[in-house]
Amino acid sequence: MRVNGKEMTLGNNQSLLQFLQSNQFDVTTLAVARNGEIVPKATYDVVMLGEEDTLEVVRFVGGG
Amino acid sequence: MAVKRTDPMVYQPGMEIITSDILDKVLKNVDNYDYSKVSAREVEEALKKDHLSMGDYGALLSPAATPYLEEMAKKAIIETRRHFGNSIGLFTPLYIANYCENNCVYCGFNCKNKIRRGKLSLVEMERELEAIAKTGLTELLILTGESRHHSGVEYIGAAVKLAAEYFSTVGIEIYPLNADEYAYLKKCGADFVSVYQETYNLDKYQQVHLSGPKRVFPYRFDAQERALMGGLRGVSFGALLGLGDFRKDAFATGVHAYFIQQKYPHAEIGFSTPRLRPFINNADNNPNDVHEKQLLQVMLAYRLLMPFAGITISTRERAGFRDHVIGMVATKISAGVRVGVGGHEQEEKGDEQFVISDPRSVTEVHQMILNRGLQPVYRDYIRV
Amino acid sequence: MTDQLVIGGHPFNSRFILGSGKFSLEIVKAVVENGGAEMVTLALRRANRGGEENILDYIPKHITLLPNTSGARTAEEAVKIARLAREINCGNFVKVEVIRDSKYLFPDNYETIKATEILAKDGFVVMPYMYPDLNVARDLVSAGAAAVMPLAAPIGSNKGLSTRDFIEILVNEIAVPIIVDAGIGRPSQACEAMEMGIDAVMCNTAVATAKNIPLMARAFGLAIESGRNAYLAGLGRVLTEAEASSPLTGFLED
């Protein structure tokens, strides 16, 4: 799986929510695009990730 | 027994209704315009600005601006030169028919008036066009009275098509049409449309337009917009100054043109200033009289509100007045004018709409323009 | 009578919009409070694993967040960024910024129009950053923009109102709020912009590179308020030359 441009092994079957939490991402401050599609936040707990997935995990920073 | 008149806000059959907020916006602005409350200070404030607000425009039309006419003129000259250089356009009107169904109390073509009615056949039109073209003019204004029966859209279209063979710019000053009819005339070769609202005050409007299609106030008001929807290049506005409260009518005219230009930014805008002359030797000094001073004030205000709009000076005014306003504020002048039906090459076929005060020929007007250090321009466009 | 700035139906009392780039997180809060800004821009970047500071913790809760699509080089990228930002769940404002010139950082007006149309239809309150062009501004309004943000000068240049005349035209002709963005370097320039009738000013570099950042933020807040008051009060007459006296209107009769 690719996350933010870096290769990662997924390990066992998990939902996006589980993945984010186990990697200490603060879910309330994020948005995620999976394979180019934006994942609605309400579905993080039911979207199951696969080894071939590419994720972009983004948050707000100062800018603009 | 009083005659029952129709409601001037009710459309007649066949009249296109468009959805536009411009009528309401204009009338609202006019309602809020109280020129008696304008101070000299507000006029001065307006005169130092490059871009007039509605309030500034109203100030320049108020009685408080009368002592500032010279200053307005100085400013107007700069704006006119900036946008038009020293060019003055020449044109002439051609009345092709004077049949009319409207009962307008102030007009020579009033359907109730027993005048000689006539209309030009295509052959007669061609003779007129040739004669006019020989004078060197390349811009023509075609006029009719309001009669779909005698001078319908197809007849006018045929006239426009013919005129387009002789003239590079063809304007039409006819009765208001629907957008698709304007589109048809555009295809025939029409470039711009001129419609005068006469007065923007509904009460006055219905007092003077008693019957006929012209009775319908909003249909006439929206004519310019429908013309632009039909694809015409430019539109002209005007009120018959002196018919109603001329300051309010001039204010409404400017505001109307302003909003139309904002909505249709590509449109070329023009103003005309026909006026009802006050009776000479009139004992009471009626504040609503439009003397030359007031006429000039209106023209200057139009110029300062919309520096890029054309302003036409007609032959209703005397030669001396016309000579002085071109280059200062007017950018277009008529010459070699006949206001009966035809009359350029042959005897007039129908009676005239008004009395001409300046009968000078094209050559004479051309020379006058040169004498004033300005440049007579015949052709602004080439028809391809 | 209040003089509120209304964008997309939302009222604001302050006409100072803060760009949050170039600030350290701790300063952001001080700047917002000293300057009185009620809207702050934010960018979107990749998140890192493990705990990290969240800028939202430094922005007071009542402030409207204005995510911006910086990084986008096309309308499509801008739309994607906007939608990701909205998914973080902080409102539906977005500043559309589409730049594909890395030397001057000028916005691509045409991609901006495209992005604006898509995002406006998608329910965003769209505030497009643009190079001042009247035709483009009209197209942006038709496309659904809630405001138009012309640049005053290149980003970070602190040059002030280089595009003054063109922005003035926008103020005269465009019905939605005009917000000057980019290039404002001093409070006096922000004041001048407001005196012209501009609806709000956005700045970033000018505050972020000051020696005393919170104080500079305060200076900007006051300058913007002053300029607005001057505009509302109506500026006085300036005589530039002596007046000649030969009469242009001597010919009138009747």
Side-chain angles (χ1 to χ4, degrees), chain A, chain C residues 17-28 31 39-59 65-72 76 79-90 94-97 99 127 129 149 155 181-182 202-204 208:
Chain A
M1 210 171 64
R2 267 184 104 72
V3 179
N4 284 354
K6 294 212 184 76
E7 288 291 340
M8 273 184 78
T9 37
L10 183 54
N12 48 347
N13 233 8
Q14 50 190 297
S15 70
L16 177 57
L17 182 62
Q18 285 168 321
F19 171 79
L20 291 172
Q21 284 172 339
S22 63
N23 282 281
Q24 283 117 45
F25 283 108
D26 180 356
V27 179
T28 57
T29 65
L30 302 176
V32 177
R34 174 168 161 258
N35 301 329
E37 301 261 322
I38 300 175
V39 184
K41 221 171 231 192
T43 65
Y44 282 13
D45 55 344
V46 296
V47 166
M48 300 308 288
L49 298 178
E51 281 295 349
E52 299 304 307
D53 281 342
T54 300
L55 293 185
E56 287 287 337
V57 183
V58 297
R59 62 180 182 118
F60 283 139
V61 299
Chain C
I17 300 176
L18 180 68
S20 64
K22 305 178 186 171
F23 284 112
S24 60
L25 286 179
E26 303 76 23
I27 298 286
V28 171
V31 167
M39 196 190 300
V40 176
T41 67
L42 297 166
L44 216 58
R45 290 289 179 269
R46 282 172 168 166
N48 294 320
R49 301 155 68 188
E52 57 184 353
E53 295 260 51
N54 178 18
I55 189 173
L56 297 182
D57 294 336
Y58 294 86
I59 299 176
L65 300 179
L66 182 61
N68 110 352
T69 64
S70 72
E76 202 185 316
V79 168
K80 182 109 175 268
I81 295 173
R83 287 179 172 150
L84 274 169
R86 183 164 64 177
E87 203 55 41
I88 301 183
N89 203 12
C90 299
V94 66
K95 173 181 164 184
V96 173
E97 183 180 297
I99 291 175
M127 297 171 58
Y129 170 58
M149 308 216 295
I155 291 175
D181 181 16
M202 185 183 301
C203 29
N204 180 354

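Below, read A as the first sequence line, B as the second, and so on, with proteins coming before strands; counting in each chain starts at 1.
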- CD (E52(A)) with more than 12 external heavy atoms under 6.0 Å: no

- Item | From F60(A) atom CZ to L65(C) atom CG, the distance as rounded to the nearest 0.5 Å | 6.5 Å

- Task: Search all heavy atoms of I38(A) against all heavy atoms of E87(C) and return the closest pair with its distance.
- Result: CG2-CG, 3.9 Å

- Looking only at heavy atoms, which two atoms of G62(A) and S20(C) are closest? And how far apart? CA-OG, 3.2 Å

- Closest non-hydrogen contact found for R46(C) with R59(A) is O-NE, 3.8 Å

- Within a radius of less than 6.0 Å around CD of E7(A), do more than 12 heavy atoms belonging to other residues, nucleotides or ligands occur? yes

- Message: For E76(C), I'd like to know if atom CD has over 12 heavy atoms of other residues, nucleotides or ligands within 6.0 Å.
- Response: no

- Measure distances from V32(A) to the heavy atoms of chain C and classify the residue's part below 4.5 Å as side chain, backbone, both or neither. backbone

- To the nearest 0.5 Å, atom CD of E56(A) lies from atom CZ of R45(C) at 12.0 Å

- Side chain / backbone / both / neither for A182(C) at chain A, heavy atoms under 4.5 Å: neither

- Task: Please flag which part of V39(A) lies under 4.5 Å from any non-hydrogen atom of chain C: side chain, backbone, both or neither.
- Result: backbone

- Query: Quick one: NZ on K41(A) to CZ on R86(C), what's the gap to the nearest 0.5 Å?
  - Reply: 13.5 Å

- Separation between CG of L56(C) and OG1 of T28(A), rounded to the nearest 0.5 Å: 8.5 Å

- All heavy atoms of N4(A) vs all of A47(C), minimum pair found to be ND2-O, 2.8 Å

- Task: Locate the shortest heavy-atom distance separating V61(A) from I55(C); write the atom from each residue and the value.
- Result: C-CD1, 3.8 Å

